[in-house]
**Q** 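The structure is given below, and queries will be raised subsequently.
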Amino acid sequence: MNLNQITIPSIDVKKASVFYQTLGLKLIVDALPRYVRFECTDGNATFSIHKVNTLPSGKGITIYFEDDNLDKLVKELQQKGIIFTSEPEDKDWLWREAHLYDLDNNHIILFKAGSNRKNPPWRIN
């Protein structure tokens, strides 16, 4: 199997679309105001947003996007007005991560893991 896409809910798909385009995703389906779909800049996965009247309750969704130039990306996004809840930092699981939230309070983690993403030293074979 291969992951095709992840779809998240949004109260305002138009504003969410602008936010994710600012992050660098490429808009490939524009069915505003109810739906948009993006290509990720690397790989084959896509990401979409659909309109809801009420967001799900609870902790919400966490979305991970990997970038080989994480620190540079974070600085560029900050210059565009994106606010991070944590700056890039090295984690015990051998990833470098920066955290932020989108307009619908979905947790976003921008990270760099390299080969440790799928092959950490503790991987079970």
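Just the heavy atoms: all of them, side chains too, but no hydrogens, waters or symmetry mates, feed the values below. Note that the structure is predicted; figures quoted are calculated from it, not measured.
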**Q** In this structure, is the centre-to-centre distance between the rings of F47 and Y20 below 6.0 Å?
**A**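 Yes, close enough.
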**Q** With no hydrogens and no angle check, is any side-chain donor or acceptor of T85 less than 3.5 Å from a backbone partner on H99?
**A**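 A pair under 3.5 Å: yes.
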**Q** Measuring from atom CZ of F19 to atom CD1 of I82, what distance do you get when rounded to the nearest 0.5 angstrom?
**A**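 So the gap between those two atoms works out to 4.5 Å.
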**Q** If you measure from NZ on K15 to CG on L103, what distance do you get to the nearest 0.5 Å?
**A**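 If we round to the nearest 0.5 Å, K15:NZ and L103:CG are 7.5 Å apart.
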**Q** Can you check whether V18's main-chain N or O pairs, donor with acceptor, with T22's side chain at less than 3.5 Å?
**A**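 Here the side-chain-to-backbone pair exists.
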**Q** Could you give the distance from CG (L32) to NZ (K14), rounded to the nearest 0.5 Å?
**A**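 Here the rounded value is 7.5 Å.
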**Q** Give a yes or no on whether a salt bridge exists between E66 and R117, defined as a side-chain N under 4.0 angstrom from a carboxylate O.
**A**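 Salt bridge present between E66 and R117.
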**Q** Would you say the side-chain atoms of D67 pair up with the backbone N or O of N69, donor to acceptor, closer than 3.5 Å?
**A**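 It does hold such a pair.
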**Q** Please assess F111 against Y64 for the test side chain to side chain contact (heavy atoms under 4.5 Å, CB included), listing each intermediate value before the final yes or no.
**A** CA-CA 7 Å; F111 74 101; Y64 288 79; 3.6 Å; yes
**Q** Between P88 and D71, which heavy-atom pair has the shortest distance, and what is it?
**A**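 For P88 and D71, the tightest heavy-atom pair comes out as CB-OD2, 3.7 Å.
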**Q** Just checking, any donor-acceptor pair under 3.5 angstrom between side chains of E39 and T41?
**A**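 No - no donor-acceptor pair under 3.5 Å links their side chains.
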**Q** I'd like to know if the side chain of K51 and the backbone of I11 have a donor-acceptor N/O pair within less than 3.5 Å.
**A**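 Confirmed, K51 side chain pairs with I11 backbone.
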**Q** Residues two or more places apart in sequence or in another chain: which of them pass salt bridge (Lys or Arg N to Asp or Glu O under 4.0 Å) with E87?
**A**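 With sequence neighbours excluded, E87 shows a salt bridge (Lys or Arg N to Asp or Glu O under 4.0 Å) to no residue whatsoever.
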**Q** So which heavy atom on H50 is nearest to which on V13, and how close?
**A**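 Looks like C-CG2, 3.7 Å.
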**Q** Show the nearest heavy-atom pair for residues D92 and W122, with the distance to one decimal.
**A**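 Here D92 and W122 meet closest at O-CH2, 4.1 Å.
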**Q** Quick check on the hydrophobic clustering: are I83 and L70 connected, directly or via other members, by side-chain heavy-atom contacts under 4.5 Å?
**A**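 Each belongs to a different hydrophobic cluster.
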**Q** Taking side chain to side chain contact (heavy atoms under 4.5 Å, CB included) as the criterion, tell me which of N53, D104, I49, I61 meets it with P9.
**A**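 For P9, the side chain to side chain contact (heavy atoms under 4.5 Å, CB included) check succeeds only for I61.
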**Q** Just jot down the salt bridge (Lys or Arg N to Asp or Glu O under 4.0 Å) partners of D90, sequence neighbours excluded, or say none.
**A**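 So D90 forms a salt bridge (Lys or Arg N to Asp or Glu O under 4.0 Å) with R96.
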**Q** Assert yes or no for the condition that the ring centre distance of Y101 to H107 is strictly below 6.0 Å.
**A**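 Close enough - the centres of the two rings lie under 6.0 Å apart.
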**Q** What residue among I6, L23, I8 forms side chain to side chain contact (heavy atoms under 4.5 Å, CB included) with I63?
**A**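 Only one of I6, L23, I8 forms a side chain to side chain contact (heavy atoms under 4.5 Å, CB included) with I63, namely I8.
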**Q** So, taking the atom named CD in Q78 and the one named CD in E76, what distance separates them when rounded to the nearest 0.5 Å?
**A**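 Rounded to the nearest 0.5 Å, the CD-CD separation comes out at 10.5 Å.
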**Q** Would you please test V29 and Y35 for side chain to side chain contact (heavy atoms under 4.5 Å, CB included) and show each step?
**A** CA-CA 8 Å; V29 174; Y35 179 83; 3.9 Å; yes
